[in-house]
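Chain letters run A, B, ... following the sequence lines, proteins first and then strands; every chain starts at 1.
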Protein chains: 2
Amino acid sequence: MTAYMLRPIGRVESPLTERAAAPRQPDEGAPDAWLVFDDRYAPALDGLAAGTDVLVLTWLDRADRDTLTVHPRGDTGRPLTGVLATRAPDRPNPIGLHTVHILDIAGTRVHVRSLEALDATPVLDVKPLLTAHR
Amino acid sequence: MTAYMLRPIGRVESPLTERAAAPRQPDEGAPDAWLVFDDRYAPALDGLAAGTDVLVLTWLDRADRDTLTVHPRGDTGRPLTGVLATRAPDRPNPIGLHTVHILDIAGTRVHVRSLEALDATPVLDVKPLLTAHR
């Protein structure tokens with residue numbers, strides 16, 4: 001099948017630097033972080049607002065793309081499960097999906113609450129939340 | 001910034017073939033469709049179940065990646081808005097995000113309800129819905 005090239009539009013700035021220390025979900029102690037966008041994408045940010053929740057899509061660049069099954073949450077007491085039925089970062093296309101609250105926007109820097117992505121993780125996209133369809 | 005290569009894991013089979021005719025959201029008349037996965041990814045599907053809702057990530061391969069601002073929903077009466085504050089398909093990394101109900105699973109073919117993606121759209125990922133974090 002045809003392959004497609006992603007072009008990151010920004011990076012995460014976070015105190016999280018090691019995968020082993022990263023929380024699995026944002027309610028498990030994820031720190032606030034900055035989304036730092038490349039200047040060329042500034043027009044694409046117009047309409048984002050502090051105080052709202054958005055979806056952030058990232059590229060989990062330290063994931064293993066050849067993993068097809070995992071023990072959920074790394075618990076070997078749980079049976080091996082296909083990665084598409086889990087939120088494990090290791091998967092063929094390791095796209096991270098994060099619901100975050102925007103705390104502040106300063107030019108092309110967006111401050112968000114509780115993001116479980118590692119420092120320097122590429123940012124691919126931001127989308128508004130839809131009530132009926134998220 | 002470094003670019004990354006997506007490897008589609010399957011394709012959409014749908015009666016929708018023209019972008020102009022495609023609904024903008026699944027509750028606007030989207031048809032049922034099949035997600036047809038490449039055989040090599042069969043182990044990654046283990047754990048998906050008919051009767052459940054999942055997130056499907058697609059690559060909107062007919063989108064324009066150079067568009068940074070749009071009139072929401074194509075309505076020129078609405079002001080130009082950054083694509084990251086909209087769900088427009090035209091955006092730097094046109095990743096489609098769809099919440100679907102699984103009707104049936106037959107091997108590597110997964111039948112889903114109301115998918116607004118066009119026929120032959122590449123499938124990138126499937127993720128379970130999380131109550132707190134979708």
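Listed options A:Pro92, A:Ala49, A:Pro43 were ranked by heavy-atom pairs under 4.5 angstrom with chain B; first place goes to A:Pro43. Among A:Pro79, A:Ala88, A:Gly10, the residue with the largest count of heavy-atom pairs under 4.5 Å with chain B is A:Gly10.
A:Thr2 OG1 to B:Arg7 CZ: the interatomic distance, rounded to the nearest 0.5 Å, is 14.5 Å. Residue B:Tyr41 holds its OH atom at 7.5 Å from CG of A:Leu68, rounded to the nearest 0.5 Å.
A donor-acceptor pair is defined here as one N or O able to donate and one able to accept, closer than 3.5 Å; no such pair exists between the side chain of A:Asp46 and the backbone of B:Thr69. In this structure a side-chain-to-backbone donor-acceptor pair under 3.5 Å is missing from A:Asp125 to B:Pro94. At least one donor-acceptor pair closer than 3.5 Å links the side chain of A:Lys127 to the backbone N or O of B:Ile95.
Contacts between A:Asp53 and chain B at a heavy-atom distance below 4.5 Å are absent for every atom of the residue. For A:Pro122, the part lying under 4.5 angstrom from a heavy atom of chain B is the side chain only. Proximity to chain B is limited to the backbone of A:Thr86, based on heavy atoms less than 4.5 angstrom apart. Only the side chain of A:Arg91 comes within contact range of chain B, with at least one heavy atom under 4.5 Å from a heavy atom of that chain. Heavy atoms closer than 4.5 Å to chain B are found in both the backbone and the side chain of A:Thr81. Contacts between B:Val54 and chain A at a heavy-atom distance below 4.5 Å are absent for every atom of the residue. For B:Leu124, the parts lying near chain A are the backbone and the side chain together; criterion is any non-hydrogen pair under 4.5 Å.
No continuous path of ILVMFWY side-chain contacts below 4.5 Å connects A:Leu35 to A:Leu118, so the two sit in separate hydrophobic clusters. Grouping the Ile, Leu, Val, Met, Phe, Trp and Tyr side chains by contacts below 4.5 angstrom, directly or via other members, places A:Leu84 apart from A:Leu80. A continuous path of ILVMFWY side-chain contacts below 4.5 Å connects B:Ile9 to B:Leu45, so both sit in one hydrophobic cluster. A chain of hydrophobic side-chain contacts below 4.5 Å, direct or via other Ile, Leu, Val, Met, Phe, Trp or Tyr residues, connects A:Tyr4 to B:Tyr4. When the side chains of ILVMFWY residues are joined at heavy-atom separations under 4.5 Å, either directly or via intervening members, B:Phe37 and B:Val12 end up in a single hydrophobic cluster.
Taking each heavy atom of A:Ala85 and B:Gly47 in turn, the nearest pair found is CB-C, 3.6 Å. Of all non-hydrogen atoms in B:Leu55 and A:Arg87, the two that sit nearest each other are CD1-NH2, 3.4 Å.
At most 12 non-hydrogen atoms from other residues, nucleotides or ligands lie less than 6.0 angstrom from CZ of A:Arg40.
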Exercise. How far apart are the C-alpha atoms of B:Asn93 and A:Met5, what are their side-chain angles, what is the distance that settles it, and do they pass the side chain to side chain contact (heavy atoms under 4.5 Å, CB included) test?
Worked result: CA-CA 9 Å; B:Asn93 293 296; A:Met5 192 73 82; over 6 Å; no
